[in-house]
Amino acid sequence: MKDIIAEALSEAIELSYDDVQTLLTQPPQPNMGDIAFPCFQLAKKIRKAPVLIAGELNDKLNLRLTDSADPFSRAVERIEAVGAYLNFFLRRDTFAEEVLRASIAAGDRPGASDEGKGKTIIVEYSSPNIAKPFHVGHGFSTFLGEAIANLYEYAGYNVQRFNHLGDYGTQFGKLIVAWRRWGDVEALNKAPIQELTRIYIKFHDEAKIEPELEDEARRAFTRLEQGSEEEMKLWQTFREVSLEEFDDTYDRVNIHFDNMNGESFYAKMTPEVVTLLSEKGLLIESEGAQVVDLEDYGLNPCLILKNDGSTIYATRDIAAVLYRDRIWNFHRNIYVVGIPQINHFNQIFAVMEKLGMPDPERNVHVAFGTVRFADGVFSTRKGNIVLLDELLDAGVAHARAIVEESHPDLDDAEIEEISERIGVGAVRYTYLASGRERDILFSWEDILDYEGDTAPYLLYTVTRCASLLRKADSAVLKRLEKHSDEDAALLIGDDEQKVLKEIVQFPESLSAARKHYEPSMMIRRLMQLARAFNTFYHSTPILRVDDTALSAARLALAQAVERTLKAGLRIAGIEPVDRM
RNA sequence: GGUCCCGUAGCUCAGAUGGAUAGAGCGUUGGUCUCCUAAACCGAAGGUCGCGCGUUCGAAUCGCGCCGGGAUCACCA
């Protein structure tokens, strides 16, 4: 209906349809109208006071409202000029019809599209280090990356989920040396990462007393690089047992990667990078190392080869970009990696540009903040790190306590399933709800608060919708099936209209979230929709009305809300529940 | 020190092309369950948008300068 207004305005004034469209906004209060057109810009153009313009436009467009055959009069109820604003009040019945019709047509995938058809998008995220604990910090990249991947998939892109494992580097030399001295096979089988962490810490403690260990580790890594069988075998074991443990977590949060090529995979391709760079004359010597000068980008030189001739992570990342472009010819190559690596990616992308990569802006660093703890209490007895699984467990346990209390009728398996979804969903939500570049401040108090701006609130709203549909009587359900416009036109109450407005804006929030790699933009919209629905739910009887048509209409609205919330939650990676 | 980011209610955050009276949630406080699930709803209190100057008809938003906090600045990733 916005389009009809934009069209009418562009006919009435000297602005194109698109210009008008972008100027249209929403008034701050619903009683001021549904759509507003500010006349300031126009005032500059035609050199007339904006208040005067608003008044003249008001007179002009009001004439069209008298013609009942005019589609404009079917969309617009009345127009008011307030100051420099021209405020349009939509016809509520027409609006309700249109929103419900669109929602039904979109089905379970509101806002989905095929805009990305034939385009491949690589999203690199999670990327834990082998032999290191998967802690709450990894949760950020993991959940943010998955949500971004889902957003693009929803718009029809061919999304490739990459997990760039940290499975290469001198620390593996240390691990090999440590394992030979202090490794315990039984402990490794029982809790692999815990055991590997133990010997790694021990290595550092011992190296303080016995510095030769460092050299030994370096030699071990060199042998590993050269493919020595014995070292390779150990490395492979460390990698496998770590992955098995990571997979438990990935299964739990239902995240699955298409590609698990870690750094070791790209390390093999680094000679090619060195050749290419030197062929293009980009490689220069500096302090014994080989670097690419990036002064024209305002960046420090990018180190390619260390003074001992070995490669560095930048070299491997460049190899990865080249490889990925060759194999996938990607439309975007997205790195979901923390803010501290901003400089690193600026360098990599600058080198790609120097190498003459077509459209280098296809490479994107989606940076995010740090996970911090609000209080000292937020840690385990073992140390200052909290495993992601521990955080999820705490969330689920808290959810279970509430579910058990409110649903004594459910059996254990059901309680388990529901609690798991709520608890895990609550944790994921806290990672996604704020702008990604902000640090996340975790406190047990907030993470276990399931009221207000939380996933459980959204989930609870879904269960209300589901419950209504379960309890509706057959006459109403039968009427609901027909989805008639006449019924939809009954949804003209303030609270009903507010809900409809939120539904309309969901698809817009999806494209905004995609454009900015910012799932929170969608999440906030979901939250507003849920709040609008809950207000409506309290103020307005849905099943307890005698009028079957009205009941069916309101139920249709609840259905539309449920579809929208579920779709958004799933994109966020949060699995909805039917009751809680 | 150079570069970049941040500073909005007691706390956590929105305010993504400069527009109407700066908004949510938590917390505080007062109400609402014989009635579609109270993980809910309704009301109240709470702000010199870090400070100053500037651009503009109009600035939380843009520019400059301060103050405070953070990240980063090659042989780790």
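Below, chain A is the first sequence line, B the second, and so on; all start at residue 1.
Between A:E502 and the options A:R531, A:R525, A:Q497, a side chain to side chain donor-acceptor pair (under 3.5 Å) holds for only A:R525.
Residue contacts for A:R531: at a heavy-atom cut-off of 4.0 Å it reaches the sugar-phosphate backbone alone, with no base atom in range. A:D446 comes within 4.0 angstrom of nothing in the nucleic acid, heavy atoms only. Nucleic acid contact class of A:R316 (heavy atoms, under 4.0 Å, all strands): sugar-phosphate only. A:M32 comes within contact range of at least one nucleobase, with a heavy-atom separation under 4.0 Å. Heavy atoms of A:E518 sit under 4.0 angstrom from at least one base atom. Within the nucleic acid shown, A:G435 comes within 4.0 Å of sugar-phosphate atoms alone, with no base atom in reach, counting heavy atoms only. Contact annotation for A:T170: no contact, since no heavy-atom pair falls under 4.0 Å across all strands. Residue A:V462 is classed as having no contact, given no heavy-atom separation below 4.0 Å to the nucleic acid. At the heavy-atom level, A:T22 lies under 4.0 Å from base atoms of the strands shown. Residue A:K515 is out of contact with every strand shown, counting any heavy-atom pair closer than 4.0 Å. Counting non-hydrogen atoms under 4.0 angstrom, A:P340 reaches the backbone sugars and phosphates but no base. Nucleic acid contact class of A:A36 (heavy atoms, under 4.0 Å, all strands): base. Counting any heavy atom pair closer than 4.0 Å across all strands shown, A:T540 reaches a base atom. Within the nucleic acid shown, A:L305 has no heavy atom closer than 4.0 Å to any nucleic acid atom.
The base of B:A77 sits with one of its N or O atoms less than 3.5 Å from a complementary donor or acceptor on the side chain of A:Y313. In terms of polar N and O atoms assigned as donor or acceptor, the side chain of A:E263 never comes within less than 3.5 Å of the base of B:A77 in a complementary pairing. Residue A:N343 places no side-chain atom within donor-acceptor reach of the base of B:A74, judged by atom type and a 3.5 Å distance cut-off alone. For A:S434 against B:A14, no side-chain N or O and base N or O form a donor-acceptor pair under 3.5 Å.
The distance between the ring centers of A:F368 and A:Y517 does not fall below 6.0 angstrom. The aromatic ring centres of A:Y431 and A:F442 sit less than 6.0 Å apart.
Side-chain proximity of A:V291 to the nucleotides B:C36, B:A74, B:A39 is greatest for B:A74. If you check B:A20, B:C57, B:A14 against the side chain of A:N87, the one that comes closest is B:A20. Of the candidates B:A74, B:A38, B:A20, the closest approach to any side-chain atom of A:S286 belongs to B:A74. The side chain of A:N534 sits closest to B:A40 out of B:A40, B:C26, B:C13.
Between B:G25 and B:A44, the distance separating the two P atoms is 12 Å to the nearest Å. Here the separation of B:C49 from B:U8, taken at their P atoms, is 11 Å to the nearest Å. Across the P atoms, B:G50 and B:G10 are found 13 Å apart, a figure rounded to whole Å. Distance check on atom P: B:G23 versus B:A16 gives 13 Å, rounded to whole Å. The same atom, C1', is picked in B:U55 and in B:G47; the two are 26 Å apart, to the nearest Å. When the P atom is compared between B:G7 and B:G43, the two are found 30 Å apart, to the nearest whole Å. For the P atom pair drawn from B:C4 and B:C62, the interatomic distance equals 15 Å after rounding to whole Å. B:A40 and B:C6 are spaced 32 Å apart, taking the P atom of each and rounding to whole Å.
Note: A:S509 OG to A:L529 CG = 9.5 Å, rounded to the nearest 0.5 Å.
In this structure, A:D453 places its CG atom 15 Å from P of B:U12, rounding to the nearest Å. Between the P atom of B:C35 and the CD1 atom of A:I542 lies a distance of 16 Å, rounded to the nearest Å. Summarising the geometry, the separation between CZ on A:R47 and C1' on B:C57 is reported as 14 Å, rounded to the nearest angstrom. In this structure, the CG atom of A:L441 is 17 Å from the P atom of B:G69, given to the nearest Å. Spacing between atom CD1 of A:I342 and atom P of B:C5 amounts to 8 Å, rounded to whole angstrom units.
Anti is the classification of B:C41, since its glycosidic angle lies more than 90° from 0.
The neighbour count for A:E405 CD, taken as heavy atoms of other residues, nucleotides or ligands under 6.0 Å away, does not exceed 12.
Residues A:Y335 and A:D317 have side chains that never bring a donor and an acceptor to within less than 3.5 angstrom of each other.
Side-chain nitrogen and oxygen atoms of A:Y457 include none within less than 4.0 Å of the OP1 or OP2 phosphate oxygen of B:A38. Side-chain N/O atoms of A:K306 include one lying less than 4.0 angstrom from OP1 or OP2 on B:C76. Contact between the side-chain N/O atoms of A:R524 and the OP1/OP2 oxygens of B:C13 is not found at any separation under 4.0 Å. OP1 or OP2 of B:A71 has not a single side-chain nitrogen or oxygen of A:T370 nearer than 4.0 Å.
In a base pair of the Watson-Crick type (N1 to N3 plus N6-O4 or O6-N4) or a G-U wobble (N1-O2 and O6-N3), with each distance short of 3.5 Å, B:U61 is matched with no nucleotide.
One finds a salt bridge joining A:E80 and A:R78 here, because a Lys/Arg side-chain nitrogen approaches an Asp/Glu carboxylate oxygen to under 4.0 Å.
Distance alone, capped at 3.5 Å, is enough to place a donor-acceptor pair between the A:H407 side chain and the A:M580 backbone.
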